[in-house]
Amino acid sequence: MRAIEIEGLRKAFGDDEVLRGIDLAVEAGEVVCVIGPSGSGKSTLLRCVNLLEVPTGGTIRVDGDEITDPDADLDALRRRIGMVFQQFNLFPHLTALENVMVAQVKVLRRPRAEAERIARENLDRVGLADRADAFPTRLSGGQQQRVAIARALAMGPSVMLFDEPTSALDPELVGDVLGVMRGLAEDGMTMLVVTHEMSFAREVADRVVFLDGGVVVEDGPAARVIAEPEKPRTREFLARVLDPAAAAPPKRGKE
Ligand SMILES: Nc1ncnc2c1ncn2[C@@H]1O[C@H](COP(=O)(O)OP(=O)(O)O)[C@@H](O)[C@H]1O
Ligand SMILES: [Mg+2]
């Protein structure tokens with residue numbers, strides 16, 4: 001079954017149409033990486049799938065249910081969709097364990113003992129079983145992001161969305177977070193991931209989608225899109241991402 005099915009998705013902010021008719025499908029268990037220049041609409045796309053933004057046109061289905069239907073039960077739908085942002089947004093006054101418990105108790109109304117058990121399972125899954133009692137300030141950025149992943153997983157989502165999850169991390173901390181994401185992919189989690197970590201995309205993603213100017217320019221098998229992009233815009237973008245030093249130098253004035 002299609003886990004996510006996006007058809008003709010449009011999103012405008014005032015006169016500024018940021019998504020201009022996106023068609024994108026993610027099968028259950030598939031990992032799809034979305035790449036594209038800054039401002040191309042990647043975050044807006046993910047935020048529409050999670051209904052943090054209301055689309056101005058088109059439809060989105062998650063597990064066959066249309067989330068863009070005005071009568072849809074948004075709370076129930078959001079629970080099926082876990083989201084991890086660039087900024088981890090942990091509660092600073094709560095421990096790692098409590099951060100992973102709070103929405104389970106407040107939103108899902110799980111009994112505390114059950115929420116704690118599920119929180120510990122998910123902290124273990126992201127390699128932080130021994131840091132359950134640490135406050136966020138005592139955790140590295142990579143550890144905080146792994147707590148944020150555990151927090152999303154604890155809600156039992158059928159789909160996980162990641163918006164540049166490693167972009168705010170020091171380089172030496174990126175690998176642990178990507179390792180956790182790779183583990184989720186191996187466990188069969190359906191994932192839509194905005195990232196510029198091209199080795200992750202090459203090794204873990206089933207497909208890579210290149211977004212530019214609010215449209216899907218290219219969508220294909222990850223290895224093929226990365227090694228042999230068909231469209232010149234994809235080629236130019238990948239050349240810059242894969243080897244920033246080789247990019248064309250800035251144009252000089254003639255004075
Ligand atoms: N809430 C908003 N209000 C107005 N414009 C927005 C809003 N969110 C995003 N945009 C605009 O939409 C465009 C795409 O943004 P975004 O989806 O964040 O791109 P990306 O994640 O690819 O960098 C940008 O021009 C941005 O300024
Ligand atoms: Mg973004």
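Counting convention: from 1, in listed order, for ligands and their atoms alike. These figures come from a predicted structure and were not determined experimentally. Worth knowing before you read on, the calculation uses all heavy atoms, side chains too, and leaves out hydrogens, waters and symmetry mates.
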Original post:
So, does Pro37 sit close enough to ligand 1 that a heavy atom of it is under 4.0 Å from the ligand?
Top reply: yes
Original post:
Under the 4.0 Å line, does any protein heavy atom show up next to atom 26 (C) of ligand 1?
Top reply: no
Original post:
Is atom 21 (O) of ligand 1 less than 4.0 angstrom from at least one protein heavy atom?
Top reply: yes
Original post:
If you measure every N/O of Thr44 against every N/O of ligand 1, is any gap under 3.5 Å?
Top reply: yes
Original post:
Do the non-hydrogen side-chain atoms of Arg131 and Leu139 ever get within less than 4.5 Å of each other?
Top reply: yes
**OP:** Output yes when the distance from some N or O of ligand 1 to some N or O of Val18 is under 3.5 Å, and no in every other case.
**Re:** no
Subject >> Under the ring pair (Phe, Tyr, Trp, His ring centres under 6.0 Å) test, residues paired with Phe91 that sit two or more places apart >> reply: His93
Original post:
For ligand 1, is Gly36 a contact, meaning one of its heavy atoms is under 4.0 Å away?
Top reply: no
Original post:
What do you reckon, does Phe13 have a nitrogen or oxygen under 3.5 Å from a nitrogen or oxygen of ligand 1?
Top reply: no
Original post:
Is Arg112 atom CZ crowded by more than 12 heavy atoms from other residues, nucleotides or ligands, each under 6.0 Å away?
Top reply: no
Subject >> Residue list, ring pair (Phe, Tyr, Trp, His ring centres under 6.0 Å) with Phe237, at least two apart or on another chain >> reply: His196, Phe210
**OP:** Identify whether the distance between the nearest side-chain nitrogen and carboxylate oxygen of Arg125 and Asp187 falls below 4.0 Å.
**Re:** yes
